[in-house]
Amino acid sequence: MFIALEGGDGVGKSTQISLLREWLEAKGRRVTFCREPGSTGLGEKVRELLLFQREIGICRMSELLLFMTARAQVVNEVIRPALDRGDAVIADRFLLSSIVYQGYGGELDVEEIRHLGKIASGGILPDLNLILDLPLEAAKTRRKGTPDRLESEADAFHERVREGFLTEARLYPEQNIVISADQPIDAVQQAIRSAVRSILKQP
Ligand code: TYD
């Protein structure tokens, strides 16, 4: 089982991921967690370059390809072996983030990104994307620390990102579930667990 937590910046993914992980482990599942970009030596270097080395120019296409590079590596080193062992894999972001941030937000071609994403991940895609949705103003007040490269994009970019997640969920309701993050932590977690329960039941 492969689940990705998705959503805009500041929607509270980390808290929800910890709670989901605890719940799955309490049910006796082995859980492998990874974040994107990151979770491998190469991925963490790419993360640093993409998010924090703001003095280095990165055009939108290079940005996309760097996210894809990190993804190819994490699939190879972490996700595929974990799925082969029978672990539940929880990813903090996966391909949907590229589709939405570099596609809807950055205005690259969405279908090309989808295609490239399948190549980069060797066809391994989440069974379910859980999309935490929050209005932009609320998300902005929840963000912490110095804004990284993507967080520093204009509000219009982040509005397109939010709309992008909702559009993708409408287009592909089987793989994407939208959960309002504008409710107490417990209520969000209950919604996440009930979505995960539905795929745990599948053979
Ligand atoms: P991160 O610190 O993980 O942000 P968050 O805690 O909000 O998930 O930084 C990841 C940033 O990179 C985030 O702004 C989303 C962006 N991103 C993309 O633009 N494309 C991608 O493919 C991925 C995986 C992330």
Side-chain angles (χ1 to χ4, degrees), residues 1-18 20-21 24 31-53 58 60-83 87-106 108 110 112-133 139 143-145 147-153 157-158 161-162 164-165 168-169 172 175-177 179 181 192 196:
M1 179 179 72
F2 178 15
I3 293 169
L5 263 287
E6 294 278 1
D9 295 85
V11 295
K13 275 187 292 94
S14 320
T15 312
Q16 295 299 336
I17 286 171
S18 313
L20 174 60
R21 185 178 187 160
L24 284 169
V31 177
T32 290
F33 165 79
C34 60
R35 67 168 178 176
E36 280 218 345
S39 295
T40 66
L42 178 63
E44 292 296 334
K45 291 271 185 220
V46 167
R47 178 184 191 82
E48 183 61 28
L49 192 60
L50 268 171
L51 301 182
F52 304 112
Q53 303 213 329
I58 302 181
R60 201 60 85 184
M61 181 55 75
S62 302
E63 179 183 291
L64 173 69
L65 295 172
L66 284 167
F67 279 116
M68 291 293 181
T69 300
R71 183 160 304 129
Q73 198 65 28
V74 79
V75 167
N76 199 271
E77 278 186 35
V78 180
I79 298 177
R80 187 181 290 111
L83 292 173
D87 287 12
V89 174
I90 303 177
D92 183 344
R93 302 189 179 282
F94 201 70
L95 175 58
L96 186 59
S97 279
S98 294
I99 292 175
V100 165
Y101 278 80
Q102 282 66 54
Y104 291 84
L108 294 181
V110 166
E112 283 179 8
I113 299 175
R114 215 187 297 283
H115 183 59
L116 186 59
K118 285 183 191 151
I119 297 171
S121 72
I124 292 186
L125 294 173
D127 300 301
L128 200 57
N129 291 305
L130 299 169
I131 301 167
L132 300 187
D133 178 59
R143 288 184 206 158
K144 296 182 231 76
D148 62 38
R149 192 189 298 263
L150 273 303
E151 279 171 351
S152 306
E153 292 281 358
F157 177 96
H158 289 285
V161 164
R162 183 179 182 213
F165 277 121
E168 285 290 309
Y172 302 102
Q175 293 99 340
N176 299 302
I177 293 187
I179 293 169
I192 288 176
V196 172

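Only heavy atoms go into these numbers, but all of them, side chains included; no hydrogens, no water, no symmetry mates.
Taking all atoms of both residues into account, the shortest heavy-atom contact from Gly43 to Ala70 is CA-CB, 4.2 Å. The minimum heavy-atom distance between Asp92 and Lys13, with the atom names listed, is OD1-NZ, 2.6 Å. Of all non-hydrogen atoms in Cys34 and Val78, the two that sit nearest each other are CB-CG1, 4.4 Å. When all heavy atoms are compared, the tightest approach of Thr32 to Ala82 is OG1-CB, 3.6 Å.
For residues 68-81, the salt bridge (charged side-chain N to carboxylate O under 4.0 Å, His left out) pairs, not counting sequence neighbours, are Glu36-Arg71. The salt bridge (charged side-chain N to carboxylate O under 4.0 Å, His left out) analysis of residues 114-124, with sequence neighbours excluded, yields the pairs Glu111-Arg114, Arg114-Glu168.
Taking 4.5 Å as the limit, every side-chain heavy atom of Leu51 sits out of range of all side-chain heavy atoms of Glu151. You'll find the side chain of Ile90 reaches within 4.5 Å of the side chain of Leu24, heavy atoms only. Looking only at side-chain heavy atoms (C-beta outward), Leu95 and Asn129 stay at 4.5 Å or farther from each other. The closest side-chain heavy-atom distance from Glu6 to Ser97 is below 4.5 Å. Side-chain contact between Glu153 and Val161: absent, with no pair of heavy atoms (C-beta onward) separated by less than 4.5 Å. Within the 4.5 Å cutoff, the side chain of Phe165 has no heavy atoms near those of the Leu132 side chain. Proximity of Tyr101 to Arg93: side-chain heavy atoms (C-beta onward) are separated by under 4.5 Å at one or more points. In this structure, the side chains of Ile58 and Gln53 stay at 4.5 Å or more apart for every pair of heavy atoms.
Arg162 meets the salt bridge (charged side-chain N to carboxylate O under 4.0 Å, His left out) test with Asp133; sequence neighbours excluded. Residues that satisfy the side-chain hydrogen bond (donor to acceptor under 3.5 Å, both in side chains) test with Ser152, not counting sequence neighbours, are Arg54. For the ring-ring contact (aromatic ring centres under 6.0 Å, His included) test, residues two or more places apart in sequence or in another chain that qualify with Phe94 are Phe2. Shown here are the side-chain contact (heavy atoms from CB on, under 4.5 Å) partners of Ala139, two or more places apart in sequence or in another chain: Leu134. Arg21 is linked by a salt bridge (charged side-chain N to carboxylate O under 4.0 Å, His left out) to Glu25, counting only residues two or more places apart in sequence or in another chain. Listed by chain and residue number, nothing satisfies the side-chain hydrogen bond (donor to acceptor under 3.5 Å, both in side chains) test with Glu48 (two or more places apart in sequence, or in another chain). In this view, Ser121 satisfies the side-chain hydrogen bond (donor to acceptor under 3.5 Å, both in side chains) rule with no residue, not counting sequence neighbours. Residues that satisfy the side-chain contact (heavy atoms from CB on, under 4.5 Å) test with Ser14, not counting sequence neighbours, are absent from this structure. In this structure, the side-chain contact (heavy atoms from CB on, under 4.5 Å) partners of Ala169, at least two apart in sequence or on a different chain, are Ile131, Asn176, Val178. Residues satisfying the salt bridge (charged side-chain N to carboxylate O under 4.0 Å, His left out) test with Asp9, not counting sequence neighbours, are none.
Checking side-chain atoms of Asp148 against main-chain N and O of Leu150 turns up a donor-acceptor pair under 3.5 Å. With Gln175 contributing its side chain and Asp127 its backbone, the two residues share no donor-acceptor pair below 3.5 Å.
Rounding to the nearest 0.5 angstrom, the gap separating the CG atom in Leu96 from the OH atom in Tyr172 is 11.0 Å. Rounding to the nearest 0.5 angstrom, the gap separating the CD1 atom in Ile79 from the CG atom in Asp87 is 11.5 Å. Rounding to the nearest 0.5 Å gives a distance of 14.5 Å between CZ of Arg35 and CG of Leu5. Here Ile177 contributes atom CD1 and Leu128 contributes atom CG; the two are 4.5 Å apart, rounded to the nearest 0.5 Å. Interatomic distance, Leu66 CG to Leu50 CG, rounded to the nearest 0.5 Å: 5.0 Å. The CG atom of Leu116 sits 10.5 Å away from the CG atom of Leu108 when rounded to the nearest 0.5 Å.
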Output, in order, the C-alpha distance, side-chain angles, deciding distance and verdict of side chain to side chain contact (heavy atoms under 4.5 Å, CB included) for Leu49 and Lys45.
CA-CA 6 Å; Leu49 192 60; Lys45 291 271 185 220; over 6 Å; no

Run the numbers on Val31 and Leu20 for side chain to side chain contact (heavy atoms under 4.5 Å, CB included), then give the verdict.
CA-CA 10 Å; Val31 177; Leu20 174 60; over 6 Å; no

